[in-house]
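Excluded from the calculations below are hydrogen atoms, water molecules and symmetry mates; all remaining heavy atoms, backbone and side chain alike, are included. Here is the naming used below: chain letters follow the sequence lines, and residue numbers restart at 1 for every chain.
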Amino acid sequence: MICPRNAGGWPALRLNQLSYQFTEYPLMSSGTGNYDFLTFEAKWQKYWLEHKTFRTPQPGKPDFDAAKPKLYVLDMFPYPSGVGLHVGHPLGYIATDIYTRYMRMRGFNVLHPMGYDAFGLPAEQYAVEHGVPPRETTEKNIANMRDQLRRLGMGYDWDREIATTEVSYYRWTQWIFLQLYNSWYDPAVDAARPIAELIHKLEQEHLVVNFDGRVVPAQGQGLQEWYGLPPGTQRWAELSPEQRRTVLDQHRLAYLDEVPVNWCPALGTVLANEEVTNEGRSDRGNHPVYRRPLRQWMLRITKYADRLERDLGRVNWPEAIKLMQRNWIGRSEGAEVDFALADDEEETIRVYTTRPDTLFGATYMVLAPEHPLVAKITTEENRRAVEDYVAVARNKTELDRTAETKEKTGVFTGAHAINPVNSERIPIWVADYVLMGYGTGAIMAVPAHDTRDFEFAQKFNLPIIQVVKPLGDEDWQGYVGEGTAVNSGAFDGLPTAEFKKKITEWLEENELGKGTVNYKLRDWLFSRQRYWGEPFPIVHDAETDEIFALDESELPVELPAIDDYRPQASEDPNAPPAPPLGRATEWVKVRGYVTDTGSVKLLRSGQSPPDGVQVRAFRRELNTMPQWAGSCWYYLRYLDNRNEQRFAAREVERYWMAPKQDNESGGVDLYVGGAEHAVLHLLYSRFWHKVLYDLGHVSSPEPFGRLFNQGYIQAYAYQDARGMYVDIRDVEEQGEGKNARYVRKSNGEALTRSLGKMGKSLKNAVAPDDICHEFGTDTLRVYEMYMGPLEASKPWSTRDIVGMSRFLHNVWRRFVTEDGALRIDDAPADEAMHRLQHKTVKRVTLDLKDLRFNTAIAALIEMLNALKVERVPRAVAETFVQLLSPIAPHLSEELWQRMCGPKWKDSIAAESWPDYEEAMCIDAEIEIPVQINGKVRSRITLPAAVAGDVKQMEQVALADERITRELSGKTVRKVVCIPQRMVNIVAG
RNA sequence: GCCGAAGUGGCGGAAUUGGCAGACGCGCGGGAUUCAAAAUCCCGUCCUGGCAACAGGGUGUGGGUUCGAUUCCCACCUUCGGCACCA
């Protein structure tokens, strides 16, 4: 999910150079007196790998300790791009690595895995450009990335590594798709249930089918449908096989439908709403996107809109992200209201409004251009204009629609409707500012109190009637806030909220409308016309086109090898999509039979079906799944990645994911990643997880209990006079501070500097391998954490790294002489040093707990600066190295091994985290500022005990020589004493 | 337009519940070491005035609450992020 667009390049040679260094060094401490980070870092990375230092014991296994509390820490799934990582990418990984090393030392059973989200368009495009199969390039990229992560010193459990492109992984992605296909959302229990249950209920006639194919309870039918048309619901037994199939398909959580989709001809594929920018272009590649109706796989995420919104209340996520999800789901409460047509007895127009209290102000109506009633109600004299308008609207691209947001357009149909509250005759218009996909595709327009209606009414000279009196003295025209009702008959004087309630009741009593909840969220478009994705476990009957899911026993459906991976792209937006899998002609054609459960089992050549079963010919589904599919559930596969019977064993899943209490969300204990996945990945994942939860496959209602958004690492970018970006390696800074100038080294040209996201496009990427090679991995880790708070975006500055490099060199030199001897003393620490030790343990412990790495490092620097003695007491030295070890693990391991000497047994990661005593964290004497009227006038030094006593503080402060001098001639009105902090004397 | 986050020295940032603003690091100035330089070490470094002690000002701007405000409240400005005809 890390976007490869922003990945920077570095010389490929260096990778190889480092790779062989990696295995060259002996494990035993070399005894050298220099901080030889290249040697130490390679040595310890090799040690961790060979000894599986960070392997996580599995519940039920002999080495598993049930007494330890569990902690599941997850990094967002990276996409292994061809150009590798830049220093911005590992920010979150370093943070979680430090956190998990720390929590492991504190006695937690920590799970911290890593893997690769390796399907998707970039791999496919790369493969197309370089003429090699996507699998080959993907595997090479994964190998590169794995090496890079190891060189960053990451303590992952490498035995749990996964890639979405492995058959052993994507068979379970396909399995989850089958769960979706074979389930429906049962409103009676507000959860997904197997489709077999729906069939059973229909057979038992607890449910019947109404006129539009929806199932309704058999009892109370007609009452459920308030508008009271008794269209003759049907029993299951009365339906034809074809009708039954249609009914089931209308309820499956995965279904094929002809819908207006985002078709991107340049990419040769359709895109989800979430993948289209608000300029109407593709999120990837910035190509134009067109609306067109296509038959595509959809996932019924809208059934979960309510729960996805509601359960945000139980997760520990940043409020900003929760808000973005709430906005995307877009829940609104309002009412549906029926307007009768003035000249047509049969039809009514149903509208959705969130402001039923403004019904008396409705002066016209608007239908979306795609609304089915448009053709029917339009009068002859207006027909020509309406048809033209509808045709133009239909052919507009997303780009055109958004480009014209300023100016309202529309045409009058010639028809009129009757406002149900006051029987006014109001005109019906068609306009593209009303969308078919939201609400009912029709609105009542209240120009006085809706901005869009107001603009439209002004342009077309439609009447504007005030029905809300603003609370303040604002102008009522275009006032959209709450207020008091006017011009609303018997409802005059009611406040907005109360009016809404009253009018909704009134509408329901008179069978004119009902209270309704609406969502902006649409169903998820789930198919892509690409090669490099998971094939659907779906076949189509070669003759009838009937759709069948494959039987679970047919999984995995392996992606076939083909010669030409290119999507069949076209400049022509009307060209039909042609998925590359169509080229695998042999793979596409299969034979099989339908089982009792309705799934299809395939027959290999020579195989025969069971007796009496008809053999049928099928075509395989040619679409593949979007990249989000694999990343929707990867956190579950880490739990038990080698399991061949299930995506994860039940008891293993329960151990890591189950909530400890009923009201908790359970799931991953800490999920760290960028905010760019606020809607897409995090919403899709939650949806899949809830389906699996409903079906009893997982034990937590939410996948990610706690989410933390890291900030971006920004970097300066330089542009020449034409605005072209200049590679940062070709830039020189001249002068200081405000007089600084930036010039191009190659030709001396003056450049302008700006701050942006690090990446290829701004030519400002810095490769971690370069930094590791020059300064060391530990220095890179410490620097990235020291730059500022994890959640903040901050600019990279290669110049500043020397500070942290100096710090680590100083650490080394404080404990090791130039001859390699240890500067450790077995004598106990003195009072001051003892207190410093406890104080630092406390600061680092609390800071790491809250992911405040920058201040934890500052505390360590301060402690080191205070250790300026010839020989450091052993207890102090050992504690310091333990505190440093999660942050700079290689250096700490090396020091630890040397400090332990012959007694050394294992990695410092196996040690426990040092404790502190609260009493030892306070200095023996405290300096207290004494203020007069809020200004510091003197300082007094008090023993800790005295500084905790308000009376004594006041006494000493008032007796202070400087204070008495300042107070002469003034009266003391009040003395404020804050124990151990300060004294403020109010005098005048 | 709507929603959200953030504005602190030359720079990155610190100040956990309202209690010494600027911890820590970079950079810069001075000194030591060196034939010299790099590296290293020591001292200084918010601004203004003063040789100094010290005085005054200071956390985007303007107001407010408080003995006391970077922190809380109101209004505004700027930057970044999200959404954008969702009735």
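- If you check every strand for non-hydrogen atoms under 4.0 Å, A:T451 touches nothing.
- Proximity note for A:K408 (side chain, C-beta onward) versus B:C3, B:C85, B:A14: the nearest is B:C85.
- Comparing A:T440 and A:M787 by the nucleotide of RNA chain B that holds the closest heavy atom to each, the one mapping nearer the 5' end is A:M787.
- For the C1' atoms, the distance linking B:G57 with B:G22 amounts to 15 Å, nearest Å.
- The side-chain contact (heavy atoms from CB on, under 4.5 Å) with A:L884 is formed by just one residue from the set A:V844, A:L860, A:D778; it is A:L860.
- Of the candidate nucleotides B:C54, B:C24, B:G27, B:G27 has the atom lying nearest to any side-chain atom of A:R799.
- A:Y35 and A:H809 have perpendicular rings, their planes meeting at more than 60° on a 0 to 90° scale where under 30° would count as parallel.
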- Query: Is there a side chain to side chain contact (heavy atoms under 4.5 Å, CB included) between A:V337 and A:M444 once you walk through the steps?
  - Reply: CA-CA 9 Å; A:V337 185; A:M444 62 168 201; 5.6 Å; no
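- Residue A:D432 places its side chain closer to B:C85 than to any other of B:G12, B:C3, B:C85.
- Across all strands shown, A:N709 has no heavy atoms under 4.0 Å from either base or sugar-phosphate atoms.
- Separating the CD atom of A:E927 from the P atom of B:G19 is a distance of 18 Å, rounded to the nearest angstrom.
- At the heavy-atom level, A:M804 lies under 4.0 Å from the strands shown only through sugar-phosphate atoms.
- Within 4.0 Å of A:R843, counting heavy atoms only, lies no atom of the nucleic acid at all.
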- Message: Show, in sequence, the C-alpha distance, side-chain angles and deciding distance for A:R331 and A:D306, and conclude whether the salt bridge (Lys or Arg N to Asp or Glu O under 4.0 Å) test is met.
- Response: CA-CA 8 Å; A:R331 181 193 154 94; A:D306 188 50; 3.1 Å; yes
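- Between the side chains of A:T302 and A:D523, at least one donor-acceptor pair of N or O atoms lies under 3.5 Å.
- Rounded to whole Å, the C1' atom of B:G63 lies 32 Å from the corresponding atom of B:C54.
- Here the nucleotide nearest the side chain of A:K868, chosen from B:C54, B:C42, B:U17, is B:C42.
- Spacing between B:U65 and B:G50 at atom C1', rounded to whole Å, works out to 37 Å.
- When distances are taken from the side chain of A:D847 to each of B:G27, B:U16, B:C83, the shortest belongs to B:U16.
- A distance of about 16 Å separates the C1' atoms of B:C26 and B:G44, rounded to the whole Å.
- Taking the nucleotide of RNA chain B with the nearest heavy atom to each of A:T354 and A:E862, the more 5' of the two is matched to A:E862.
- Atom-to-atom, CG of A:D923 to P of B:A23 comes out at 18 Å; the value is rounded to the nearest Å.
- Comparing the P positions of B:A6 and B:U17 gives a spacing of 14 Å, expressed to the nearest Å.
- Rounded to whole Å, the P atom of B:G58 lies 15 Å from the corresponding atom of B:U48.
- Among the protein residues, A:K322 comes within range of no part of the nucleic acid, since none of its heavy atoms lies under 4.0 Å from any strand.
- Remark: A:E774 engages no residue in a side chain to side chain contact (heavy atoms under 4.5 Å, CB included) (not counting sequence neighbours).
- Note on A:R806: a side-chain N or O is less than 4.0 Å away from OP1 or OP2 of B:C26.
- Put simply, the side chain of A:R843 does not reach to within 4.5 Å of the side chain of A:T845, judged on heavy atoms.
- Between A:Y786 and B:G25 there is no side-chain N or O to OP1 or OP2 distance below 4.0 Å.
- A glycosidic torsion no more than 90° from 0 defines the syn conformation; B:G4 lies beyond that range and is anti.
- The listed nucleotides are B:C41, B:G25, B:G13; the one nearest the side chain of A:N865 is B:G25.
- A close approach under 4.0 Å does not occur between any side-chain nitrogen or oxygen of A:R355 and OP1 or OP2 of B:A87.
- Taking the P atom of each, B:G18 and B:G1 are spaced 35 Å apart, rounded to whole Å.
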For nucleotides 63-71 of chain B, list the nitrogen or oxygen atoms of the protein found under 3.5 Å from its nitrogen or oxygen atoms, one pair per line.
from, atom 1, to, atom 2, distance (Å)
B:C67, O2, A:N984, ND2, 2.6

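- Residue A:N518 is classed as having no contact, given no heavy-atom separation below 4.0 Å to the nucleic acid.
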- Evaluate the criterion side chain to side chain contact (heavy atoms under 4.5 Å, CB included) for residue pair A:L864 and A:F880; output intermediate values, then yes/no. CA-CA 8 Å; A:L864 186 76; A:F880 180 85; 4.1 Å; yes
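- In the set B:G56, B:G27, B:G25, the nucleotide with an atom closest to the side chain of A:D800 is B:G25.
- Between A:S332 and B:A87 there is a side-chain N or O to OP1 or OP2 distance below 4.0 Å.
- Atom CD of A:E791 and atom P of B:A6 are 9 Å apart (whole Å).
- Nucleic acid contact for A:I443: base, since at least one base atom lies under 4.0 Å from a heavy atom of the residue.
- With B:A87, B:G25, B:C3 as the candidates, the nucleotide lying closest to the side chain of A:Y352 is B:A87.
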- Please, what dot-bracket string fits RNA chain B when only Watson-Crick and G-U pairs with both distances under 3.5 Å count, crossing ones use [ ] and pairs to another strand use |? (((((((..(((......[....)))((((((.......))))))((((....))))..(((((..]....))))))))))))....
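- Ring pair A:F456/A:Y364: centre-to-centre distance below 6.0 Å.
- No contact: A:D453 has no heavy atom under 4.0 Å from any strand.
- Candidate nucleotides B:C26, B:A87, B:C24 were compared by shortest atom distance to the side chain of A:L435, and B:A87 ranks first.
- Between A:R965 atom CZ and B:C54 atom P the separation is 10 Å, expressed in whole Å.
- A donor-acceptor contact closer than 3.5 angstrom links the side chains of A:Y433 and A:D453.
- For A:R937, the listed nucleotide lying nearest its side chain is B:A55; candidates were B:A84, B:A55, B:G12.
- A:K849 comes within contact range of no nucleotide atom at all, as no heavy-atom separation falls under 4.0 Å.
- OP1 or OP2 of B:A14 lies within a sub-4.0 Å distance of a side-chain N or O belonging to A:N854.
- At a cut-off of 3.5 angstrom, the base of B:C20 holds at least one donor-acceptor pair with the side chain of A:R939.
- Taking a 6.0 Å sphere around CZ of A:R981, one finds it holds 12 or fewer heavy atoms contributed by other residues, nucleotides or ligands.
- Residue contacts shown for A:K520 include a base, since a base heavy atom lies under 4.0 Å away.
- Here the separation of B:G9 from B:C46, taken at their C1' atoms, is 5 Å to the nearest Å.
- Here A:E333 does not pair with A:K500 in a salt bridge; the nearest charged N to carboxylate O distance is not below 4.0 Å.
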